[in-house]
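All figures in this text were calculated on a predicted structure; none of them were measured in a lab. Chain naming here is simple, since letters A, B, ... match the order of the sequence lines and numbering starts at 1 in each.
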Amino acid sequence: MVYDFNNIEKKWQARWAKNKTFKADSYSKKPKYYILDMFPYPSGSGLHVGHPLGYIASDIYSRYKRHKGFNVLHPQGYDSFGLPAEQYAIQTGQHPAKTTQENINRYRQQLDQMGFSFDWSREVRTSEPDFYKWTQWIFLLLFDHYYCNISNMAKPVRELIEHFEKNGNESLDAVCSFDTPQFTYVEWSGFSENEQQDLLLNYRLAYLSETEVNWCADLGTVLANDEIINGVSDRGGYQVTKKKMKQWSMRIGAYAERLLKGLEKIDWPESLKEMQRNWIGKSIGAKVLFQIEGYEKKIEVFTTRPDTIFGVTFMTIAPELDLVQEITHPDQKEAVTAYIDETQKRTQRERMADIESCTGVFTGSYVLHPFTQERIPIWIGDYVLADYGTGAVMAVPCGDQRDFDFAKHFDIPIKNIFKNVSIEKKAFTDKEISVIDNSDFLSGLSYEKAIKIVIQKLELQGSGEGTINYRLRDAIFSRQRYWGEPIPIYYKDKLPQPLKLKHLPLDLPEVENYLPTAEGYPPLGNAVTWAWDTQKEKVVENKLIDNQTIFPLELNTMPGWAGSSWYFYRYMDAQNSDAFVGNKAAQYWREVDLYLGGSEHATGHLLYSRFWQKFLFDINLLPVEEYAKKLINQGMILGNSAFVYRKPGTQSYISKELIHESEKLEPIRVDVNLVNSSDELDVESVRKWQPQFENADFKLNNGVFKVGREVEKMSKSKYNVINPDEICEQYGADTLRMYEMFLGPIEQSKPWNTSGISGVHNFLKKYWRLFHEGNDIIVKDEQPSKKELKILHETIKKITYDIEHFSFNTCVSGLMICVNELTALNCHSRAILSPLTLLLSPFAPHLASEIWEKLGNQNTIDHVDFPVANESYLIEDTKNYPVSFNGKMRFTLELSIDLDNSAIQEAVLQDKRVVDYLEGKTPKKWIIVPNKIINIVY
RNA sequence: GCUCGGAUGGUGGAAUUGGUAGACACGUUGGACUUAAAAUCCAAUGACCAUUGCGGUCGUGCGGGUUCAAGUCCCGCUCCGAGUACCA
């Protein structure tokens, strides 16, 4: 009887679905374990072989944990709002909801055929109103809270208002926008309602503000930096300009320090933590105030080197600052305006690419040095970024390379404040070995001491203070897009007002046209009908109508990361219609025990979700401050792209081996599915594949056309996608699962390559044969031999250890060795085969289930206890030791035994530690290597 | 530039954390079974030398060091990958 994987897999998948085998109990006496995968975005191309890598690993671990007696929550869902569905809608006029549903169906079918043990009863979709109701609700909570620096947590805006009524904002220590004015309680009560609301926006965690964005008028939308190439839009090549727009933002900066500190408590990959640390970018330094000559205003700068304050010879401010207009001297007006126009045309990308050139202009104004009162010229330079620190820099050319270059370029004096250092050619930046000189009260001090003293002095005279600055910027939350969560806000006198919980979900309306308009009017503006009608209030045509009063609604939608920032809590209580997660469920499941996903989300999803978690923890809605105890980044499975080479300007393609090195050819990607394993191209299929190849000329070599290969990310646009479906068809899901694990360590990226798949498939066939002879299952209830027991228990030990350390590739090897050895011994003992099948079950669940049933077990294998290694079977017989043996051993040994053996005595006496021993020090363990030396482990 | 990873046979990768390097698998070669093929099984397979039998030498990117013992630890390089980039 052959291993009929297709039928076995169908049989068990149907049975699992019917019996709801993997449904997690809501509450259980068993210990809980929550294993989460990053949910997929259901794209049009379906799953490729790279997607399931992490899912296979988490599935193995989930099945293992069930065998170990845990109540395992292993859910799955879809991150179903997003750009590609909307782009597709724009092109074809199909509603994104429709295409999304189709894609989800395909994904589900593909996930099921891999035999994953997901609890589908808890499925979530971010684009479903039942789900985004709560995303909108969380947004409203963020809108309704501010960050208090004293208690170091979010607090209700209500308390903020109380504080303003009693004290104004002077004595308040809260996170707020940079340009928040100071006011007293008297002033506060004098403000109009609108003025008050406007000020409150400076404190809210979700707030509306004027933000500079990359605006593309032709596409009618804001673009992210990576959507712009060489100053024009990546899509269509249109011009991109900078524009100030009212945008919703999230005050993630308020949580910078806690996001940093929290990393110490969680078991996440060090490299990923490092990425988050760099992204948060903490730097310790000082704020220094410089009085502008002839003005009341002061310019505040942030510096990490306040010790170099006596080296300041000019100041540079970012061209975007409003301050620029105010302080520009009439004589310089023309030059400054010209420069600002110039920089505005340059996109951020151009500015970034153009590190070499040094541009700037003098404002004609001066600030006064806080200690020497010297006049310091104020320059404008676009090497200063408006949104880092205060957008102004005290330039110390002797100690900073950029300031040095700027000074050299514009011929500004450079003052040396370092002892015994030449600054002729470049700035001196090595702070650790510097000694300050030529600096009044700081002369002769080291960098560390000077910083302490200068900060004291600054604080004393009120012209600065020690401070910490973070690189992390507040996250822009508005998107001029259709396929996302509507922001639950309406406008009263142009001020944002929150909708109420009873209004939620604010459904995404139907529109005729998904394209945003050229003025930046979002596509929701095209909406004809909005969905709800609550008592007196209703929403019609972008308007909230309340008692005959009409208010416009917010038309922007939320970004992709909104729904994914909290979805893992929804799984705990997916059907709850009264809360985003019920208290009882949150208390039982608490947090994710193991999270698997790609490191590409390090500074996106994985940071934003930690931010929302901390916020929801602050306001007592969640029990823990970090939601994922342990995180593993699975590597990417890369594609092996195929290239054909075209002579420029012709339709002539040349087989790979016929290419001379000197020839310049254009590489063009072809679908890898049209290439066989020897890199030979199916020319006829290529002609049918794309019209450009229809009449092309292919120069063959020995009757075949060979392609070039390159390893790249697997993506539809690179035509290198391999779908798992065919492999499941040809080898079965169990083979695919084990093969993907066998490929290498889970964290490692690797190119997809099917050449080794037969090895794994052979193993499963061999495993099947271990139990079969002809059509009969052959299992004997006989006492297993010592040797068989030893093989089994060694394997149990290894597999258990390796699964717990997520070393799934070595698990597969371990099982292979075990089966090879048992085959050689012709083992048919039930006492061996039964536990062995349990060991296999997480990896090849269909095969294991089938054999388990054939062994006559009444229960299914899924929740049976995992075998435990019995050490007594593993102990080596050491009696015949030590002159010759196979394998390596570690054990405690009486020294006298070995020293009596003259064959090894000579070697032993070379070992310093033996001498130590003879002098009275006791070793703990010895390791003996034949013909070599004795090792002693203390 | 900065930060973090990595480098082991023809290939993917093991190595109990300092203790027989190359497990397991692919590939290759030879053999068995077969009219033949497929399937399956067996053997060899790091390199070089010796192969009449044993055997020997070198080997974990390069150069040093610590140690009885280094793929593993330390110092200095080279190359590759990832992240980030005028962050004051």
Side-chain angles (χ1 to χ4, degrees), chain A residues 2 269-279 281-283 285 301-306 308 315-316 318 348 351-358 381-385 387-396 399-403 405-406 429 469-473 599-600 602-603 633 635-636 738-739 742-745 747-751 753-763 765-766 769 797-798 801-802 807 809-818 820 823 885-890 907-915 925-937:
Chain A
V2 292
E270 200 46 49
S271 61
L272 190 137
K273 289 194 203 176
E274 197 59 31
M275 268 192 240
Q276 293 206 344
R277 283 189 200 110
N278 290 340
W279 193 259
K282 180 179 182 172
S283 42
V301 302
F302 171 76
T303 177
T304 52
R305 296 291 306 274
T308 62
M315 170 162 295
T316 321
Q348 199 147 343
R351 260 167 85 166
M352 276 169 8
D354 188 14
I355 296 171
E356 299 305 313
S357 78
C358 205
D382 72 355
Y383 79 93
V384 177
L385 304 175
D387 51 1
Y388 179 76
T390 59
V393 178
M394 62 173 224
V396 183
D400 183 286
Q401 193 55 43
R402 288 152 308 160
D403 295 344
D405 294 341
F406 196 87
T429 52
N469 199 46
Y470 298 92
R471 201 184 74 108
L472 182 67
R473 284 160 208 178
S599 60
E600 65 270 24
T603 52
N633 288 132
M636 236 188 312
M738 288 195 91
Y739 182 58
F742 185 65
L743 230 36
E747 310 89 347
Q748 212 167 80
S749 288
K750 50 232 151 187
N753 173 4
T754 50
S755 67
I757 202 164
S758 62
V760 172
H761 192 61
N762 281 342
F763 158 74
K765 284 197 277 191
K766 212 183 266 183
R769 261 185 270 120
K797 197 177 170 189
K798 179 175 173 56
Y801 181 89
D802 286 352
S807 177
N809 55 330
T810 53
C811 284
V812 179
S813 301
L815 288 165
M816 284 176 175
I817 296 166
C818 180
N820 282 345
T823 305
F885 65 96
N886 294 322
K888 187 164 56 179
M889 286 175 205
R890 220 173 239 235
V908 165
L909 285 173
Q910 287 173 13
D911 194 317
K912 200 176 81 191
R913 287 164 303 173
V914 173
V915 180
K925 285 180 185 170
W926 290 69
I927 294 167
I928 298 198
V929 178
N931 303 324
K932 289 202 176 169
I933 208 159
I934 299 187
N935 268 290
I936 312 163
V937 180

Seminar exercise, completed: Considering only heavy side-chain atoms of A:L385, the closest of B:A14, B:C87, B:A39 is B:C87
For this session: For the side chain of A:M275, starting at C-beta, report the closest nucleotide among B:U40, B:A85, B:G83.
Result: B:G83
Problem set entry | Spacing of A:N278 atom CG relative to B:U84 atom P, expressed in whole Å | 10 Å
Exercise. Looking at A:K765, does any N or O in its side chain come under 4.0 Å of the phosphate oxygens OP1/OP2 on B:U40?
Worked result: yes
For this session: Verify, without hydrogens or angle tests, whether A:S749 (side chain) and A:M636 (backbone) share a donor-acceptor contact under 3.5 angstrom.
Result: yes
Exercise. Is the backbone of A:N278 close enough, under 3.5 Å, to the side chain of A:R471 for a donor and an acceptor to pair up by distance?
Worked result: yes
Exercise. Roughly how far, to the nearest 0.5 Å, is CG of A:D403 from CE of A:M394?
Worked result: 9.0 Å
For this session: Go through B:U40, B:A85, B:C4 for me and flag the one nearest to the A:E274 side chain.
Result: B:C4
Exercise. To the nearest 0.5 Å, how far apart are CE in A:M275 and CD in A:E600?
Worked result: 9.5 Å
Seminar exercise, completed: Side-chain contact check for A:D400: nearest option of B:A14, B:A88, B:A85 is B:A88
Exercise. In terms of the nearest nucleotide of RNA chain B, which residue is placed more toward the 5' end: A:P745 or A:Y801?
Worked result: A:P745
For this session: Could you give the distance separating B:A44 and B:G9 at their C1' atoms, to the nearest angstrom?
Result: 15 Å
For this session: Using atom CD of A:Q748 as one end and atom C1' of B:A7 as the other, report the distance to the nearest whole Å.
Result: 11 Å
Problem set entry | C1'-based separation of B:U72 from B:A15 [nearest Å] | 10 Å
Exercise. For atom C1', what is the distance between B:U8 and B:A21, given to the nearest Å?
Worked result: 8 Å
Check: protein-nucleotides 24-26 of chain B nitrogen or oxygen pairs below 3.5 Å:
unit_1: B:A25; atom_1: OP1; unit_2: A:N820; atom_2: ND2; d: 3.0
unit_1: B:C26; atom_1: O2'; unit_2: A:S755; atom_2: O; d: 3.1

Exercise. If only side-chain N and O atoms of A:Y388 are considered, is one of them under 4.0 Å from the OP1 or OP2 phosphate oxygen of B:A88?
Worked result: yes
Exercise. What integer distance in Å separates A:L743:CG from B:U11:P?
Worked result: 16 Å
Problem set entry | For atom CE of A:M636 and atom C1' of B:G81, their distance in whole Å | 11 Å
Problem set entry | Contact under 4.0 Å: A:R471 side-chain N or O vs B:U84 OP1/OP2 | no
Exercise. Can you name the salt bridge (charged side-chain N to carboxylate O under 4.0 Å, His left out) partners of A:D400, sequence neighbours left out?
Worked result: A:R402
Problem set entry | Spacing between A:D405 atom CG and B:G1 atom C1', to the nearest angstrom | 13 Å
For this session: Could you measure between the two C1' atoms, the one in B:A47 and the one in B:G59, and give it in whole Å?
Result: 7 Å
Exercise. Expressed in whole Å, how much space separates the C1' atoms belonging to B:G18 and B:C26?
Worked result: 31 Å
Problem set entry | Strand RNA chain B as a dot-bracket string - pairs counted if Watson-Crick or G-U with both distances under 3.5 Å, | where the partner lies in another strand | (((((((..(((......[....)))((((((.......))))))((((.....))))..(((((..]....))))))))))))....
Seminar exercise, completed: Closest non-hydrogen contact found for A:F763 with A:L815 is CE1-O, 3.5 Å
Seminar exercise, completed: Judged by nearest nucleotide, the residue sitting upstream toward the 5' end of RNA chain B, A:S271 or A:S807, is A:S271
Exercise. For A:N753, which contact category applies under a 4.0 Å heavy-atom criterion: base, sugar-phosphate, or nothing?
Worked result: nothing
For this session: Using atom NZ of A:K273 as one end and atom C1' of B:A82 as the other, report the distance to the nearest whole Å.
Result: 19 Å
For this session: Ignoring hydrogens and angles, tell me if any N or O in the side chain of A:K750 forms a donor-acceptor pair with the backbone of A:P745 under 3.5 Å.
Result: yes
For this session: Would you name the heavy atoms of A:Y739 and A:S755 that are closest together and state the gap between them?
Result: OH-N, 4.1 Å
Exercise. Which atom pair, heavy atoms only, marks the closest approach of A:P269 to A:N633?
Worked result: CG-OD1, 3.4 Å
Problem set entry | Closest to the A:W279 side chain, choosing from B:C87, B:U40, B:A85 | B:A85
For this session: For B:G71 versus B:G65, give the span between their P atoms, rounded off to a whole number of Å.
Result: 15 Å
Exercise. Taking the C1' atom of each, how far is B:A69 from B:U17, in whole Å?
Worked result: 15 Å
Exercise. With sugar-phosphate meaning primed atoms plus P, OP1 and OP2, does A:Q401 contact a base, only sugar-phosphate, or nothing at under 4.0 Å between heavy atoms?
Worked result: nothing
Exercise. Got a donor-acceptor pair under 3.5 Å from the side chain of A:R402 to the base of B:C87?
Worked result: no
For this session: Pick base, sugar-phosphate or nothing for A:K798, based on heavy-atom distances below 4.0 Å to the nucleic acid.
Result: nothing
Problem set entry | Inter-nucleotide C1' distance (B:A50, B:C54), Å rounded | 10 Å
